[in-house]
Amino acid sequence: MMLSLKDKDRAVIRKLLAAGCCGRCVLRFCCVGKYSSYQQSCEDIEKELLAFLGTDDAEQSHDASGETETGDPPCKKMKLESPGENASAGGAPEPKVQSGVCVACVGVLQHFCDQSYAKQVSDVVRKGEYRFDSLMFAVSLPAQLSVREHSLWLHIKKEVREKSMCLDKEDVVQVKDAFKWAVQGLVGKELGASVLANSAFEVSVGFAHPETDGDCHFLATECPDCFKPTKNKASVFTRMAVVKALEKISDTKFLRHYPCPPVSPSSKCTPLDTTCLHAPVFIAGRYNKFSRELPQTPWVIDGERRMEGSVEELIANPLLTAFKADGFNFCSSGREDVDVRTLGNGRPFAIELLNPHRAKFNRSEMRQLQETINTSSDKIRVRDLQIVTREATSRMKEGEEEKTKSYSALIWTQKPITPADLDCFAKIKELKIDQKTPLRVLHRRPLAVRQRHIHSMSASYLDTHHFTLQLRTQAGTYIKEFVHGDFGRTKPNLGALMETEVDILELDVESVDVDWPPAVPE
Amino acid sequence: MRLVFAMAETHERAPTVIDRYYTRWYKTDMKGRSCEDHCILQHSNRICIITLAESHPILQQGRKIKSIDYRISDGCSRLNNKVSGKSKRGGQFLTEFAPLCRITCTDDIEYTIFSCIRGRLLEVNEDILKRPDLLLDKPSTDGYIAVILPKLEESKTVTKGLLTREEYEDVISKRNTQPQESL
């Protein structure tokens with residue numbers, strides 16, 4: 001037997017066909033778990049079901065069964081039901097089936113499991129010009145299918161239990177699974193990709209059936225707490241909410257409000273747009289910033305751009321092009337002000353590329369990409385450019401506060417200085433400073449006093465009013481404020497230490513001591 | 001060669017922190033009290049710092065401060081101001097004529113310093129309580145009086161009614177050339 005049906009399934013099959021179920025839905029309610037059974041055509045499945053019933057009828061009696069095997073279209077299931085059986089169905093009103101659209105799947109498993117649908121989906125995927133060698137197939141179904149499913153389950157529960165006491169609603173194969181078993185192989189074949197339960201590339205299809213949207217509405221009055229309006233949802237009748245309500249509602253209550261079996265729909269469902277989504281790709285590296293007129297992120301005030309370009313755009317734009325991504329999120333280990341350069345080995349960063357149409361780049365291609373970024377602008381330079389996992393990017397932010405950063409600052413002093421005046425700095429170790437939130441960021445950060453450590457300092461004399469100060473500090477130290485004092489709000493500050501007014505004219509980040517991402521050998 | 005060496009030779013100094021990031025606004029003769037000029041430093045991020053203008057009587061030659069008091073009435077002290085979180089919840093909301101503190105000089109003349117702008121009080125400068133000389137030596141930096149955050153929607157209009165640096169200099173030079181009229 002191709003469909004691996006058991007003798008005790010006969011009663012279930014008869015009842016479902018009479019209720020207006022399609023062949024695949026009958027298999028589902030018979031808990032047939034064999035994928036290949038669903039891959040046969042609807043017509044073949046229904047023919048086989050009739051044949052299966054026919055053999056039984058032939059063995060037991062010789063009534064109406066004969067007619068059904070004469071090649072009538074299989075959907076004329078009403079003929080199958082003998083008057084006796086109709087009575088045993090609990091006096092439920094006899095469904096009027098005209099359209100032949102399945103009461104359970106509203107056509108999903110009848111009209112959208114064939115080669116032509118698979119081709120239609122594949123054509124859309126091909127138009128997206130993604131590069132992939134595997135895919136994940138997702139389907140979204142109208143929420144009311146769960147209501148119809150529940151009604152049918154109540155309709156045949158008794159017969160199913162006779163087959164085996166341990167079978168429950170959860171053992172019924174879901175529409176979603178049956179659909180995937182039937183069609184995803186065809187899509188995979190068409191696209192030359194393997195279909196996996198988990199793949200970075202997801203093809204999503206969906207169906208709508210406005211005619212039966214109202215099926216869910218009675219649940220909102222019966223289980224109002226399951227249908228709380230949420231911001232982002234167009235309708236409160238989400239699949240999850242409907243499933244939850246169905247778990248709560250008693251059978252009696254359900255049957256009072258909803259026909260059992262469900263009413264036959266007059267039209268089949270309509271397919272929604274096929275969409276493709278590739279999981280994000282994460283790119284890490286380190287960047288240098290050589291310009292004092294380049295912000296790290298686009299600088300926009302009141303919707304107007306204050307300065308052309310930004311570090312993140314200079315890095316991300318070539319990546320967006322190469323990976324054909326829809327967008328990006330940039331994140332880095334700290335950030336520097338617009339007028340601060342970042343020298344040395346640079347600052348670690350990671351970019352999340354959203355929906356990349358191409359995700360695989362080998363080492364030499366990544367090196368080439370790095371070169372493209374570096375030749376596109378002399379304001380920045382990147383190194384160690386590499387593809388990383390999402391998990392690895394968290395290492396960039398780990399213990400950020402404990403990390404050390406080195407700076408070089410050009411200082412102006414009001415009082416004239418001599419080289420000897422600068423000797424004191426070498427002796428200062430682990431200087432504790434108390435910084436009130438700098439005024440320049442106070443509008444967007446809480447007011448607090450934070451203690452920071454300046455691990456060491458050294459100075460190089462330039463002229464009577466200028467010197468360079470090298471500092472190694474705890475991450476999170478505000479260097480500019482340490483120098484000019486921020487209205488005396490950083491204590492002690494360089495001016496207080498030197499007993500003169502001082503100002504910071506230039507600042508460079510010399511190193512960001514975060515050991516991620518790993519160096520890429522040239 | 002870097003620009004700074006050229007500046008060092010001419011002994012000109014580069015723009016200060018205030019020049020670079022703040023706009024100076026002035027309120028002269030506050031509440032009709034002659035010469036009691038206030039200077040408001042407005043950061044490009046809308047935060048305002050209330051200071052004494054250099055022409056304020058307290059800063060004139062030889063004056064000394066006896067006491068500074070942020071307790072402006074029995075029921076209200078600016079020292080009790082506390083703000084929490086990014087949105088600075090709990091800060092006292094000030095209107096332009098709200099007093100911030102009273103300063104008494106050694107000659108027992110008392111001056112009241114006012115907010116001059118509408119906004120939420122973020123902090124007062126407690127350092128000047130211990131070291132009143134800060135106010136005399138560095139009135140526009142370490143000797144500031146208070147930090148105020150105007151409402152976002154009022155950040156553009158909050159300085160209406162204040163004088164620009166140019167207008168202030170005008171007022172001062174007129175004040176200096178006209179003989180002091182007796183009151």
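Because the structure is predicted, anything quoted here is derived from the model rather than measured. Note on naming: letters A, B, ... go to the chains in the order of the sequence lines (proteins, then strands), and numbering restarts at 1 for each one.
- Residue Val17(B) touches chain A through both its backbone and its side chain, counting heavy-atom pairs closer than 4.5 Å.
- Only the backbone of Ser140(B) comes within less than 4.5 Å of a heavy atom of chain A; no side-chain atom from C-beta onward does.
- In this structure, chain A has no heavy atom under 4.5 Å from any part of Lys82(B).
- Closest heavy-atom contact between Phe487(A) and Tyr22(B): CE1-OH, 3.5 Å.
- In this structure, Lys88(B) contributes its side chain and Arg445(A) its backbone to a donor-acceptor pair below 3.5 Å.
- Using modelled atom types, one side-chain atom of Asn45(B) and one backbone atom of Leu439(A) make a donor-acceptor pair closer than 3.5 Å.
- Atoms CG and CG, from Leu447(A) and Leu149(B) in turn, are 11.0 Å apart once rounded to the nearest 0.5 Å.
- Taking OH of Tyr21(B) as the start and NE2 of His484(A) as the end, the distance is 6.5 Å to the nearest 0.5 Å.
- Rounded to the nearest 0.5 angstrom, Asp137(B) CG and Glu501(A) CD are separated by 12.0 Å.
- For Leu134(B), no part lies under 4.5 angstrom from a heavy atom of chain A.
- Per-residue counts of heavy-atom pairs under 4.5 Å with chain A were compared for Leu41(B), Thr141(B), Ile18(B), Asp127(B); the largest is that of Thr141(B).
- A salt bridge is absent between Arg20(B) and Asp339(A): the closest approach of a Lys/Arg side-chain nitrogen to an acidic carboxylate oxygen does not fall below 4.0 angstrom.
- More than 12 heavy atoms of other shown residues, nucleotides or ligands fall within 6.0 angstrom of atom CD in Glu430(A).
- Separation of atoms OG (Ser44(B)) and CZ (Arg306(A)) is listed at 7.0 Å; rounding is to 0.5 Å.
- Glu123(B) contributes atom CD, which lies 4.0 Å from atom CZ of Arg489(A) (distance to the nearest 0.5 angstrom).
- Interface check for chain B: of the options Gly495(A), Gly485(A), Pro446(A), the most heavy-atom pairs under 4.5 Å are formed by Pro446(A).
- Per-residue heavy-atom pair counts under 4.5 Å with chain A were compared for Thr16(B), Leu122(B), Val83(B), Ile49(B), and the maximum is reached by Ile49(B).
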